Amino acid sequence: MIDLKLLQKDFETMSKKLQRKGVDATLLEQLKVKNETLKLAKTAFETLQAAQNAMSKEFGIYKREGKDISELKARVDANKIKVAEAIEVQREAQEELEKMAMAIPNVPDDSVPDGADEADNVELKKVLTPREFSFTPKEHWELAEKNGWIDFERGVKLATSRFSVSFGMGARLERALINFMLDFNRERGFEEVSVPALVNRTALEGTGQLPKFEEDLYKMESQELFLIPTAEVPVTNLYQDEILSADELPKRMTAYTSCFRKEAGAAGRDTRGMIRQHQFHKVELVAITTPDTSEIMFEQMVNCASDILTALELPHRLVNLCTGDLGFSAAHTTDIEVWLPGQNQYREISSISNTRAFQARRAKIRYKNGKKNEMVHTLNGSSLAVGRTLVAIMENYQNEDGSIDIPQVLKPYLGM
RNA sequence: GGACAAGUGGGUGAGCGGCUGAAACCACAUCCCUGCUAAGGAUGCGUACGGGUAACUGUACCGAGAGUUCGAAUCUCUCCUUGUCCA
């Protein structure tokens with residue numbers, strides 16, 4: 001949620017910044033007016049309610065003293081109608097305001113470059129040099145099928161398109177990667193947590209997936225629960241509606257979960273292979289920090305994810321997402337793209353975001369700063385998407401005959 | 001799945017429909033006293049939103065929602081959660 005107080009105080013600046021994210025200026029204008037309306041409605045209601053409370057108190061005194069209450073009752077009854085009207089006005093204003101505010105994305109940092117889509121993202125640095133192949137490297141689906149690691153047809157048979165099944169070394173590699181990543185993260189100070197894969201509406205509103213992106217979520221029919229699109233949702237919401245003490249910050253967590261996405265807007269993209277699946281494994285990093293330390297944490301998280309790829313000897317690069325590619329909740333995001341020689345391009349494998357207080361305001365996560373309660377900063381990042389890592393291993397470690405070498409760091413996890 | 005019971009502030013735990021935003025205790029914070037490994041005393045100590053330079057003040061919140069009432073932590077209903085017993 002955007003900071004309504006700040007919007008009120010410095011409308012011009014905030015409006016300009018949000019327009020970079022494509023938010024309609026008139027919508028913000030309306031929001032500001034609505035906020036003022038709500039304030040007036042609140043004051044009106046509270047004044048009436050105060051009178052009501054005062055009269056009710058008098059009522060008790062009258063009765064105790066045996067005085068006649070008929071005149072007082074008439075006054076109180078008349079006021080009661082006004083109170084009822086006032087609260088209705090306030091409730092409506094509140095609802096409308098919330099509806100508008102919840103649909104507005106986070107304010108992008110000034111460091112976020114302008115741009116329409118991923119083509120405008122800015123490369124920050126490259127890590128490791130892609131290897132030279134003496135043959136034409138194959139794409140991962142070809143390698144996966146050739147080695148019997150992944151069966152795309154049977155995934156479709158069991159569910160629908162964009163589902164796959166891993167067999168043998170493919171399945172074992174996934175498990176090895178998950179364990180390797182969790183261990184790696186733990187050594188960097190992230191506590192491992194295991195969380196539900198189904199969450200309620202409140203949790204998804206807290207991290208910003210709802211109300212705007214419901215069409216990309218799988219929803220249960222029997223009750224209002226959704227399959228998580230990322231572990232960011234349950235892990236961040238662990239502390240929803242809590243006031244943390246300063247000395248328990250920063251909180252650093254890592255979790256492995258399956259993630260579920262309808263990929264509603266991605267029809268026709270990456271239809272082959274396991275780049276874009278409805279269900280995929282991911283190891284996630286989540287941090288909750290004080291506002292003044294969130295950028296340091298951000299660096300640590302980016303490094304953590306990048307270092308995993310380095311340990312796996314996978315060439316990759318860091319890019320700063322432009323306004324058009326930036327997610328709803330993020331103030332700024334660094335994507336990590338891994339080199340895929342089969343596709344001859346870098347592809348996203350991790351996304352690390354600082355949402356600053358945006359999610360904290362929605363999820364009501366605060367901490368005690370001296371006497372005052374302040375919003376925390378929340379950050380999240382993948383480290384890494386397991387399926388895509390497997391893809392990267394297949395394409396980067398392939399041999400001319402189609403066989404695939406195993407990265408050195410994974411061998412202990414495979415009993416090799 | 002069925003029966004019963006309970007859900008109060010960081011914790012334990014009182015609470016008659018008005019004098020309860022909520023006793024008491026513990027924890028915590030500040031101060032005082034003492035000078036020895038521990039104790040005593042004083043005060044303070046929920047959250048959100050609004051008004052005020054400030055002291056302070058208004059409204060709401062006692063699992064959630066709805067209702068009865070001039071007035072609800074306290075009565076009624078629904079739901080959720082937890083515990084116990086039965087299947």
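Note that the coordinates shown come from a computational prediction; the quantities given were computed from them, not determined experimentally. Throughout, a chain's letter reflects where its sequence line sits, starting with A, and its residues are numbered from 1.
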Gap in Å between the two [atom1] atoms, one belonging to [N] and one to [M], rounded:
N	M	atom1	value
B:rG18	B:rC32	P	43 Å
B:rU81	B:rC16	P	29 Å
B:rU20	B:rU74	C1'	11 Å
B:rG10	B:rA64	P	13 Å
B:rG11	B:rU47	P	13 Å
B:rG9	B:rA48	C1'	15 Å

B:rC45 phosphate, OP1 or OP2: any side-chain N/O from A:Lys368 under 4.0 angstrom? no
Stem regions touching RNA chain B, defined by at least 3 consecutive Watson-Crick or wobble G-U pairs below 3.5 angstrom: B:1-7 with B:80-86, B:10-12 with B:24-26, B:28-32 with B:40-44, B:46-51 with B:56-61, B:63-67 with B:75-79
Could you state the [atom1]-[atom2] distance from [X] to [N], rounded to the nearest angstrom?
X	N	atom1	atom2	answer
A:Glu242	B:rG46	CD	C1'	15 Å
A:Asn373	B:rC49	CG	C1'	14 Å
A:Leu40	B:rG50	CG	P	12 Å
A:Asn35	B:rC49	CG	P	12 Å
A:Glu95	B:rC49	CD	P	19 Å
A:Gln90	B:rA48	CD	P	18 Å

Go along nucleotides 57-75 of chain B 5' to 3' and tag each nucleotide: B for a protein heavy atom under 4.0 Å from its base, S when only backbone or sugar atoms are that close, - otherwise. -BBS---------BS----
How about A:Glu214 and A:Lys219: do any of their side-chain heavy atoms sit closer than 4.5 Å? yes
Name the orientation class of the two ring planes belonging to A:His281 and A:Tyr256 (parallel below 30°, tilted from 30 to 60°, perpendicular beyond 60°). tilted
In terms of the angle between their ring planes, are A:Phe213 and A:Phe328 parallel, tilted or perpendicular, with boundaries placed at 30° and 60°? perpendicular
Identify whether the distance between the nearest side-chain nitrogen and carboxylate oxygen of A:Arg91 and A:Glu95 falls below 4.0 Å. yes
Salt-bridge present (A:Glu92, A:Lys34; N to O < 4.0 Å): no
Reckon A:Ile61 touches a base, only the sugar-phosphate, or nothing at all at heavy-atom distances under 4.0 Å? nothing
For A:Arg366, answer base if it contacts any base atom (sugar-phosphate contacts may also be present), sugar-phosphate if it contacts only those atoms, and nothing otherwise; contact means non-hydrogen atoms under 4.0 Å. sugar-phosphate
Member of A:Met301, A:Lys282, A:Met181, A:Glu348 meeting the side chain to side chain contact (heavy atoms under 4.5 Å, CB included) criterion with A:Ser382: A:Lys282
Is the terminal nitrogen or CZ of A:Lys73 (NZ for Lys, CZ for Arg) located under 6.0 angstrom from the six-membered ring centre of A:Phe59 and within 45° of that ring's axis? no
CZ (A:Arg75) with more than 12 external heavy atoms under 6.0 Å: yes
Is the distance between the ring centroids of A:His377 and A:Phe358 less than 6.0 Å? no
